[in-house]
Amino acid sequence: DAGVIQSPRHEVTEMGQEVTLRCKPISGHDYLFWYRQTMMRGLELLIYFNNNVPIDDSGMPEDRFSAKMPNASFSTLKIQPSEPRDSAVYFCASSSLVGTIYSYNEQFFGPGTRLTVL
Amino acid sequence: GDSVTQMEGPVTLSEEAFLTINCTYTATGYPSLFWYVQYPGEGLQLLLKATKADDKGSNKGFEATYRKETTSFHLEKGSVQVSDSAVYFCALGNQFYFGTGTSLTVIP
């Protein structure tokens, strides 16, 4: 398997523009996560999906952020309009449930998208 | 609620020094415990895991034991190398919180 695939790897845009980040999870994984990493705040969970359904989006910073998972092999994270404070590395990860309510298998992370908003 | 508390960094060690990064947890039930590593410019990757009490996870010379009595999962390595320089994250298997991790720099 190729692992979790993210695109683009780098994105530079101007304030006010729409940004779309893309993710292809590992085949067979039924959980997909979007994280944002900054020096100040560390790695923050934005939203996660189970079987393509959003389960918890409480980490999405504001209405400018939206995420979709139209099928099991593709997800997008959109920022519209973008702002300089959105500059960060955005990671997608996928995983599966062990089989009990107590624990998940490890998450597999993509290489990340480094977003710079000027 | 369930959580982990991880040693603050940064940590700087000389090559071949002994490494310990502390991690304690609070959890209901017995979720798996993980250590992830993030090398510069990359995503997180699993370093090792333990799925039940007294399990020892090990990989690349790193070890951690799932200790129920002390609610700990400390990461250890007997002799670090420059290539171990990275950020290390302790995580619970029933949580999706990673925080800032512990940055390790190994100097020759």
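Below, chain A is the first sequence line, B the second, and so on; all start at residue 1. Heavy atoms only: backbone and side chains are in, while hydrogens, waters and symmetry mates are out. What you see is a predicted model; the values in this text were computed from it and never measured.
- A:Glu14 CD: 12 or fewer foreign heavy atoms inside a 6.0 Å radius.
- Separation of atoms CG (B:Leu47) and CD (A:Glu106) is listed at 11.5 Å; rounding is to 0.5 Å.
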Donor-acceptor list for residues 96-108 of chain B side chains, cut-off 3.5 Å, not counting sequence neighbours:
residue, atom, partner, partner atom, Å
B:Thr102, OG1, B:Gln6, NE2, 2.9
B:Thr102, OG1, B:Met7, O, 2.5

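- The residue among B:Leu46, B:Asp2, B:Val87, B:Leu44 with the most heavy atom pairs within less than 4.5 Å of chain A is B:Leu44.
- Both B:Phe62 and B:Trp35 are part of a single hydrophobic cluster, where members link through side-chain heavy atoms under 4.5 Å apart.
- Linking ILVMFWY side-chain heavy atoms closer than 4.5 Å, directly or via other members, places B:Val4 and B:Phe73 in a single hydrophobic cluster.
- Applying the 6.0 Å contact sphere to CD of B:Glu15 captures more than 12 heavy atoms from other residues, nucleotides or ligands.
- Linking Ile, Leu, Val, Met, Phe, Trp and Tyr whenever their side-chain heavy atoms come within less than 4.5 Å puts B:Tyr36 and A:Tyr31 in one cluster.
- Scanning residues 107-118 of chain A against chain B with a 4.5 Å heavy-atom cutoff picks out A:Gln107, A:Phe109, A:Gly110, A:Pro111, ordered by number.
- Proximity to chain B at a heavy-atom threshold of 4.5 Å picks out nothing from residues 49-87 of chain A.
- With a 4.5 angstrom heavy-atom cutoff, B:Gln45 does not touch chain A via any of its atoms.
- A:Val12 and A:Leu21 fall into different hydrophobic clusters, where Ile, Leu, Val, Met, Phe, Trp and Tyr side chains are chained together by heavy-atom contacts under 4.5 Å.
- Atom CD of B:Glu16 has 12 or fewer heavy atoms from other residues, nucleotides or ligands within 6.0 Å.
- Clustering ILVMFWY residues whenever any of their side-chain heavy atoms sit less than 4.5 angstrom apart, transitively, puts A:Ile26 in a cluster other than the one holding A:Ile5.
- Checked against side-chain contact (heavy atoms from CB on, under 4.5 Å), A:Gln37 has the following partners two or more places apart in sequence or in another chain: A:Leu43, A:Phe91, B:Gln38, B:Phe89.
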